[in-house]
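Report on the structure given below.
Counting starts at 1 for both ligands and their atoms, following the listed order. In what follows, residues are counted from 1 in the order of the sequence shown. All of these numbers come straight from a predicted model, not from anything done at the bench.
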Amino acid sequence: MNKSIERESREFQRLLTIDAEPYAFECRIPGVALLIIDMQRDFLEPGGFGEMLGNDVSQLRKTIEPNIQLLAAWRRAGLPVIHTREGHRPDLTDLPTAKKIRGRGKTTIGDIGPMGRILVRGEAGHDIIPELYPRPTEPVIDKPGKGAFFATDLQAILQNRGISQLVVTGVTTEVCVNTTVREANDRGYECLVPADCVGSYFPEFQHMGLEMIKAQGGIFGWVSTSSAVLEGLASLPPPNRHEPKDMRTE
Ligand code: TIU
């Protein structure tokens with residue numbers, strides 16, 4: 001790193017203490033990204049695939065407003081945002097047979113659902129809900145599995161951007177959020193999960209999914225509320241004027 005870049009990046013360093021369980025999360029600015037997991041229409045919208053399977057989408061829709069607030073504050077602070085979508089190539093070559101046939105349902109991945117082919121990239125139901133739609137500068141990770149690291153370039157993006165901490169939100173708490181937090185933890189990333197920004201179709205899984213993350217001294221990460229993160233962000237000065245243009249989103 002040349003001397004002027006080194007000096008500039010040191011100027012960026014700030015420590016943000018966020019109230020969390022099992023203890024405060026020390027957020028290293030700017031090496032922390034907001035990672036929004038699978039806020040896709042088929043999981044969240046009435047009339048989508050999730051509801052077609054008999055799930056109560058209102059359980060997930062509760063997370064939209066807190067995510068809107070957090071995303072807006074994150075963008076205002078000029079910090080990196082990354083989105084993920086669960087889905088497959090239209091030819092389904094990245095879909096394991098085991099996943100295709102799981103559940104023995106009449107309608108499975110790749111079949112025509114209420115909003116196009118289910119969990120297929122490019123289809124309406126696969127896309128992110130309009131309320132949280134990514135900006136062109138925010139990477140979208142298309143992942144074939146539950147975890148955001150498996151068969152994706154997420155780790156390369158995080159490394160290239162010097163990111164070592166993640167604030168993870170999205171759906172569902174016990175499936176894609178938990179899997180991603182576990183994968184991230186094993187790769188050395190520190191994860192904070194704001195409880196009201198993650199959702200499950202099943203209230204008991206919501207509760208235990210969060211307990212599992214923060215148990216045993218934070219075995220996989222930390223759990224907070226979105227208001228604790230917002231309070232922390234509000235204490236930051238406006239984005240540094242030297243910040244690269246593609247990271248400045250407002
Ligand atoms: N995003 C995500 O969690 N995908 C799932 O498959 N969730 C279920 O709850 N099935």
Problem set entry | N-O pairing of Lys143 and Asp38 below 4.0 Å | yes
Exercise. Taking atom CZ of Arg187 as the centre, does the number of heavy atoms from other residues, nucleotides or ligands within less than 6.0 Å exceed 12?
Worked result: yes
For this session: May I ask you to say whether Lys146 pairs ionically with Glu183, meaning some side-chain N is under 4.0 Å from a carboxylate O?
Result: no
Exercise. Is the shortest distance from a Lys or Arg side-chain nitrogen in Lys100 or Asp111 to a carboxylate oxygen in the other one below 4.0 Å?
Worked result: yes
For this session: Find the distance between CZ (Arg75) and CD (Glu138) and round it off to the nearest 0.5 Å.
Result: 4.0 Å
For this session: Pick out which of Thr179, Asp186, Asn178 makes a side chain to side chain donor-acceptor pair (under 3.5 Å) with Arg182.
Result: Asn178
Exercise. Which parts of the protein, at residue level, reach under 4.0 Å of ligand 1 through a heavy atom?
Worked result: Asp38, Phe43, Glu86, Lys146, Val171, Thr172, Val175, Cys176
